[in-house]
Amino acid sequence: MRILSGIQPSGTPHIGNYFGMMRQAVELQERGETFLFIADYHALTTSPDPQVLRENVFNLALDFLACGLDVSKTVFFRQSDVPQVTELMWILNNITTVGFLERAHSYKDKIAKGFVPNAGLFTYPVLMAADILLYQSDLVPVGKDQKQHLEITRDLAIRFNNDFGETFRIPDGIIPEKVAVVPGIDGQKMSKSYHNTIPIFGTEKAIRKIVMSVVTDSTPMEAPKDPEKCNVVALYKLVASEEEVEEMKRRYRAGNYGYGHAKQALFEKLWTYFAPMRERRAALAADPDYVWDVLRDGAKRASEEAEKTMDRVRRAVGLR
Ligand code: TYM
């Protein structure tokens with residue numbers, strides 16, 4: 001079984017990325033050959049500064065390795081090191097209608113927020129389909145925000161197979177049930193573009209400051225509170241045991257328990273949860289060559305798979 005997922009190098013990865021995708025991907029490494037990549041072509045849709053993009057790729061590689069990506073089980077690479085993906089995208093573009101892409105939620109959301117879209121943003125889902133189909137993926141672990149992109153991918157694969165003969169495996173997405181969408185500190189979806197993230201890695205002071213700024217209502221300390229409506233509790237659920245969550249809910253309902261207390265408990269759990277990963281990250285950061293070597297080796301292996309698929313695709317559409 002082939003498992004595949006990607007993440008954009010568009011800033012510091014956050015706990016939404018971790019609980020939405022990275023944790024699942026790391027667990028799935030035990031179940032089949034895993035391909036994980038850093039989606040730097042996708043990041044170009046937001047026109048990053050070139051030097052910042054390069055640094056983000058390196059830092060994200062460190063972060064993912066620190067979070068448990070095991071290079072003996074996983075092919076880890078940078079998307080742009082296997083440029084065949086853009087060739088496949090071009091071919092898929094020609095079986096994709098404009099109306100189909102206009103219905104994509106993430107595109108519509110960006111437009112609604114006043115973003116002036118470039119063609120890259122518009123065809124983003126086709127590049128993502130190419131990522132998934134190029135490597136003949138069976139399972140794609142992602143957060144819920146990527147669900148529609150997976151449906152688009154399946155649709156394009158089925159359309160291509162119908163038009164040109166069996167070429168692609170039809171992938172399935174897997175979305176974590178408990179935490180399909182991790183909320184940000186303001187209660188909206190946690191997202192780099194909403195500036196509401198809690199980074200996985202950072203100094204104690206910085207993470208504490210962010211956790212202390214999680215938005216709550218103005219119920220006074222003494223009054224009972226509704227845990228089901230509170231953002232702090234929603235985040236606490238990610239890192240605390242069921243008993244600990246129940247205990248926090250009980251305190252909310254009993255009163256005399258302030259949001260500041262809950263935030264402190266959340267910070268402590270988060271800080272402990274990511275402690276082993278922080279240690280691994282510090283060790284890895286001391287050897288940057290190792291990180292680049294990993295990505296280079298991964299790209300070699302990924303290219304072999306990409307060529308196999310592209311050979312079939314080129315023949316199927318009449319380019320050979
Ligand atoms: P990206 O970089 O935005 O996010 C990486 C992964 O993190 C998940 N995620 C979340 N999950 C739960 N709650 C949140 N608040 C949250 N925020 C982010 C995302 O669902 C994603 O799984 N288009 C992709 C990258 C990509 C890709 C692919 C993924 C490119 N090609 C092929 C899978 C397969 C993206 O922008 O993810």
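Every number for a ligand or one of its atoms is a count from 1 in the order of the listing.
Gln148 and Arg103 share no side-chain donor-acceptor pair at under 3.5 Å. Looking only at atom types and distance, the side chain of Gln146 has a donor-acceptor partner in the side chain of His149 under 3.5 Å away.
Closer than 4.0 angstrom to ligand 1 sit non-hydrogen atoms from Leu4, Ser5, Gly6, Ile7, Gln8, His14, Gly16, Asn17, Gly20, Met21, Phe37, Ala39, His42, Tyr124, Met128, Asp131, Ile132, Val140, Val142, Gly143, Asp145, Gln146, Ala180, Val181, Val182, Lys189, Met190.
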Determine all donor-acceptor pairs shorter than 3.5 Å in which one atom belongs to a side chain in residues 236-244; sequence neighbours excluded.
residue, atom, partner, partner atom, Å
Ser241, OG, Glu244, N, 3.2
Ser241, OG, Glu244, OE1, 3.2
Glu244, OE1, Ser241, N, 2.7
Glu244, OE1, Lys269, NZ, 3.3
Glu244, OE2, Lys269, NZ, 2.9

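The aromatic rings of Phe164 and Phe160 lie tilted to each other, with the angle between the two planes from 30° to 60°.
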Problem - Candidate pair Phe76 and Phe37, rule ring-ring contact (aromatic ring centres under 6.0 Å, His included), full reasoning - result: CA-CA 6 Å; Phe76 187 34; Phe37 64 91; 9.5 Å; no
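Cation-pi geometry between Arg281 and Phe201 is met: under 6.0 angstrom from the ring centre, within 45 degrees of the axis.
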